[in-house]
2 protein chains.
Amino acid sequence: MSYTVGKVAEFAGVTVRTLHHYDEIGLLSPSDRSRTGYRRYDDADLLRLQQIMYYRELGFSLDEIATILDDPHADAQAHLRRQHELLSERITKLQKMVYAIEFAMEAEKVGIQLTPQERFEVFGDFDPDKHAEEAKERWGDTEAYRESMRRAGRYTKEDWQRIKDEMTQWGERVVALMDSGAPADGPDAMQLAEEHRQHISQWYYECTYEIHTGLADMYLADERFEAFYESIKTGLARYLHDAIHANAIMRA
Amino acid sequence: MSYTVGKVAEFAGVTVRTLHHYDEIGLLSPSDRSRTGYRRYDDADLLRLQQIMYYRELGFSLDEIATILDDPHADAQAHLRRQHELLSERITKLQKMVYAIEFAMEAEKVGIQLTPQERFEVFGDFDPDKHAEEAKERWGDTEAYRESMRRAGRYTKEDWQRIKDEMTQWGERVVALMDSGAPADGPDAMQLAEEHRQHISQWYYECTYEIHTGLADMYLADERFEAFYESIKTGLARYLHDAIHANAIMRA
DNA sequence: CTCCAACCTCACGTTACGGGAGAGTCAAGC
DNA sequence: GCTTGACTCTCCCGTAACGTGAGGTTGGAG
């Protein structure tokens, strides 16, 4: 079975020009041509293209990919194994970025100032990246964008005042509850934790139980957050942490 | 507090040239200059740079980033929320790719032929990507690379024969165990599951319990794998699945 | 036999910088 | 106060990985 450029381009999700380019630079030359000069790709070519796309996704230049793929010591399995490893690392890195974002969101909410170094910590050791179509189409005037903008992003000053007030009140209630000696995993504390989660979901972003416990961990693990909550009341950071966890476990 | 290009470049992990470029195209112009013409970046500039880098990581062009960041309707929180969402989607996509790789590795091992469409399914809707330094440095002659190459990638024909034999033997023992009526979550089945995992770890790639259960799920969920194992013996796919899961639960 | 879609080969344009030239600037040490 | 090495400035040309036609050929459905 052999395929034309158009077909290959179609199910590989690249343009015909890209395939022409790969042919030009010798990265992927179709193993055959029709007598009229049409490119004909066979299954082996497709396998190579697949490898190319994975490595490209992982940020290698076409030159590097050529060297990698033409290494006689590495077979298909070795490539897959390698790609698996690199992908996993990349996911870990992106997860760190997600954490950093959650941190920044929370920091901004309570007004903690980040130093420039802190802002860029997560960018420690990588370079640009592309996402293209999907992201492009999403931004602009898609439904998802309007939805997210509808939910937040343009509150009035009064809204912000209300949000702050709500939060302040909530804080007072937590402190009062702590003073009353109620346990952090009791029903009242859990109720307050749930309110906190819903407050975030309503005004900021959808806060799942997972994200919420992530925040709770942050309150304890990060000295800036800990200092912030401890300055309100001694033991508050841990109390919040425990209440949020108890709540998440019960409801999830 | 204000910073020079060099400082900013340093803790943002970009080159000075990049910052010059962003200034040229008006994406990020330092809010001040010294009387001798030196660029001076303040905290607001850094915040903007941080946003730029996140969006860049997410694959937006500099043009698009400019439009996005200059949207008066979106504040810092809105950007963070949006970035969080996009990052999560991206992670999901990469996880799908990891799954696809695991699938391809397993398929190649047992000799299942993939159609071109199947090969590219995961590339459905995105474009190039870069990873740069980290990946570049890793490839070539780093310790990690040599390590992985040492472990696999250049077996002799005899090695391959041994691997195949080992696998065949193992398969026969599983079938025999099934015939004997032993339960899939019994100690013998679990032992065979563990051997399977170690076989993969030894010859192919490090197969964690998590990956192993992923494979088990694949045996049931994917009709090609199911057909493959069912053709050996009816009920084998599920038997393997259950044994691997039982083993993973016990040992983990 | 006729189309139109798909293919071909140039060939110039674009994005996001890299890298160097040539010249001015800053701060630490003598 | 002077040197000197690291840092900065503004051109400006180079590169990678394609995008985007221009102008011409082919192939298969009707």
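In what follows, every chain begins at residue 1, and chains take the letters A, B, ... in the order their sequences are listed. Keep in mind that this is a model prediction, so the values were computed, not measured.
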With a 4.0 Å cutoff (strictly under), does any side-chain N or O of His20(A) reach OP1 or OP2 of dC18(D)? no

Does Thr36(B) place a side-chain N or O at less than 4.0 Å from the phosphate oxygens OP1/OP2 of dC26(C)? yes

Pair Tyr54(B), Leu87(B) - check side-chain contact (heavy atoms from CB on, under 4.5 Å), show working. CA-CA 9 Å; Tyr54(B) 270 106; Leu87(B) 275 173; 4.2 Å; yes

Under 6.0 Å between ring centres, would you say that holds for His79(A) and Tyr55(A)? yes

Salt-bridge criterion met for Lys96(A) and Glu102(A) (N-O under 4.0 Å): no

Between CZ of Arg35(A) and C1' of dT26(D) the distance, given in whole Å, is 10 Å

Counting only side-chain N and O atoms of Thr18(B), is one of them less than 4.0 Å from OP1 or OP2 of dG18(C)? yes

Using whole Å, report how far CG of Leu19(A) lies from C1' of dG19(D). 14 Å

Taking only N and O in the side chain of Thr4(B), is any of them less than 4.0 Å away from OP1 or OP2 of dT8(D)? yes

Between atom CD in Glu24(B) and atom C1' in dA16(C), what is the gap in whole Å? 11 Å

By nearest atom, which of the nucleotides dC17(C), dA11(C), dC26(C) is closest to the Tyr38(B) side chain? dC26(C)

Interatomic distance, Lys7(B) NZ vs dC26(C) P [rounded to whole Å]: 16 Å

OP1 or OP2 of dC17(C) less than 4.0 angstrom from a side-chain nitrogen or oxygen of Thr15(B), does that happen here? no

Closest nucleotide of DNA chain D for Val5(B) versus for Ile25(A): which of these residues is on the 5' side? Val5(B)

So what does Ser34(A) hit on the nucleic acid, given a heavy-atom distance under 4.0 Å: a base, only sugar-phosphate, or nothing? nothing

Closest to side chain of His21(A), choosing from dA16(C), dA11(C), dA17(D): dA17(D)

Report the distance from atom CD1 of Ile65(B) to atom C1' of dA16(C), rounded to the nearest whole Å. 11 Å

Answer yes or no: does a side-chain N or O of Arg33(B) lie under 4.0 Å from OP1 or OP2 of dT10(D)? yes

When the distance from CG of Leu62(B) to C1' of dT14(C) is rounded to whole Å, what number comes out? 12 Å

To the nearest Å, give me how far apart CZ (Arg56(B)) and P (dA16(C)) are. 10 Å

Is any N or O donor-acceptor pair between the side chain of Arg39(B) and the base of dT8(D) shorter than 3.5 Å? no

Below 4.0 angstrom from OP1 or OP2 of dA17(D), is there any side-chain N or O of Tyr22(A)? no

Taking the cut-offs as 6.0 angstrom to the six-membered ring centre and 45 degrees off its axis, would you call Arg197(A) and Tyr209(A) a cation-pi pair? yes

Taking the ring centre of each residue, are Phe228(B) and Tyr219(B) less than 6.0 Å apart? no

Can a side chain N or O of Arg17(A) be found less than 4.0 Å away from OP1 or OP2 on dT14(C)? no

Pick one: which of Val14(B), Leu27(B), Asp45(B), Thr4(B) meets side chain to side chain contact (heavy atoms under 4.5 Å, CB included) with Leu19(B)? Val14(B)

What integer distance in Å separates Asp23(B):CG from dC9(D):C1'? 11 Å

